[in-house]
Undergrad: 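What follows is a single structure, and I will ask about it in a moment.
Numbers here simply count residues along the sequence, with the first being 1. In what follows, every heavy atom counts, from backbone to side chain, and hydrogens, waters and symmetry copies are set aside. All figures in this text were calculated on a predicted structure; none of them were measured in a lab.
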Amino acid sequence: QVQLVESGGGLVQAGDSLRLSCAASASAFGRTLSRYAMGWFRQAPGKEREFVAAIRCCGGGTNYADSVKDRFTVSRDNAKNTVNLQMNSLKPEDTATYYCAADFLGPGSAGKSEYEYWGQGTQVTVSS
């Protein structure tokens, strides 16, 4: 089992920055966090949950949605069991609940069905 807890959401103005964090705990049966791809997704009211960014397992690279490329950066600190999403130049259309998710040995897929574990989400609201 992996438990995920997001934090860092809030109300900001357009153009501001925000840093989300996802604290993860993996079970004791040998699955260290580094072996999980970690993804960030978001869901706005009345819309489907959509992919934002992901970082692959096992020292792999990153993957971004076109809408956030060059504005958002995903990173991980395996020693601290955290994954971060640095969000710059925020826009009102970035307003959503943001979720982190974990996929064992995953490639950092954009498909939400690939992820086995999900956090409860943190709200990000960007005013114009």
Side-chain angles (χ1 to χ4, degrees):
Q1 282 286 354
V2 174
Q3 295 178 328
L4 305 172
V5 179
E6 303 94 337
S7 62
L11 172 63
V12 296
Q13 293 186 332
D16 285 351
S17 298
L18 208 55
R19 183 178 177 88
L20 305 183
S21 292
C22 175
S25 63
S27 73
F29 60 90
R31 292 187 172 185
T32 58
L33 187 66
S34 62
R35 300 177 75 190
Y36 287 86
M38 301 299 295
W40 284 96
F41 291 77
R42 65 187 182 187
Q43 187 168 17
K47 295 189 176 181
E48 293 286 322
R49 190 170 298 189
E50 65 176 6
F51 172 74
V52 175
I55 187 164
R56 301 180 182 93
C57 85
C58 317
T62 55
N63 184 23
Y64 295 94
D66 288 343
S67 60
V68 306
K69 204 171 291 184
D70 299 327
R71 297 190 298 124
F72 291 10
T73 302
V74 60
S75 62
R76 68 194 303 158
D77 185 336
N78 290 326
K80 296 182 178 180
N81 282 348
T82 57
V83 178
N84 299 308
L85 184 68
Q86 177 66 42
M87 305 186 296
N88 298 330
S89 302
L90 283 161
K91 304 175 181 179
E93 51 263 43
D94 294 318
T95 295
T97 301
Y98 283 71
Y99 299 88
C100 70
D103 175 19
F104 183 62
L105 296 180
S109 170
K112 54 185 179 288
S113 63
E114 301 293 318
Y115 293 82
E116 301 102 283
Y117 304 103
W118 291 82
Q120 294 299 306
T122 185
Q123 178 66 37
V124 172
T125 303
V126 185
S127 63
S128 56

Undergrad: Measure from the side-chain N and O atoms of Arg76 to the backbone N and O of Ala37, and report whether any donor-acceptor pair falls under 3.5 Å.
TA: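 Pair absent, no side-chain N/O of Arg76 close to backbone of Ala37.
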
Undergrad: Of the non-hydrogen atoms in Arg42 and Ser67, which two are nearest, and what is the gap between them?
TA: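 That would be NH2-OG, 3.6 Å.
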
Undergrad: Determine, stepwise, if the pair Asp94 / Lys91 fulfils salt bridge (Lys or Arg N to Asp or Glu O under 4.0 Å).
TA: CA-CA 5 Å; Asp94 294 318; Lys91 304 175 181 179; over 6 Å; no

Undergrad: Tell me the closest heavy-atom pair linking Ser17 and Asn88, and the distance in Å.
TA: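 Closest approach of Ser17 to Asn88: OG-OD1, 2.9 Å.
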
Undergrad: Sub-3.5 Å donor-acceptor pair from the side chain of Thr95 to the main-chain atoms of Val126, do we have one?
TA: yes

Undergrad: Do Leu90 and Val52 belong to the same hydrophobic cluster, where Ile, Leu, Val, Met, Phe, Trp and Tyr are linked whenever their side-chain heavy atoms lie under 4.5 Å apart, directly or via other members?
TA: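 Shared cluster, yes.
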
Undergrad: What verdict does the side-chain contact (heavy atoms from CB on, under 4.5 Å) test give for Val74 and Val83, after you've listed the backbone C-alpha separation in whole Å, the side-chain angles of each residue and the deciding distance to 0.1 Å?
TA: CA-CA 7 Å; Val74 60; Val83 178; 4.0 Å; yes

Undergrad: Where the side chain of Tyr115 meets the backbone of Cys100, is there a donor-acceptor pair that is under 3.5 Å apart?
TA: no

Undergrad: Counting only N and O atoms by type, is there a donor-acceptor contact under 3.5 Å from the side chain of Glu6 to the main-chain atoms of Leu20?
TA: no

Undergrad: Hey, can you tell me if Tyr98 and Phe72 have their rings parallel, tilted or perpendicular (30° and 60° cut-offs)?
TA: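 It falls in the tilted class, 30° to 60°.
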
Undergrad: Treating Gln86 as the side-chain partner and Thr73 as the backbone partner, does any N or O pair qualify as donor plus acceptor under 3.5 Å?
TA: no

Undergrad: Measure the shortest side-chain to side-chain distance between Cys58 and Leu105 over non-hydrogen atoms and say whether it is less than 4.5 angstrom.
TA: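 In short, these two side chains touch, coming nearer than 4.5 Å.
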
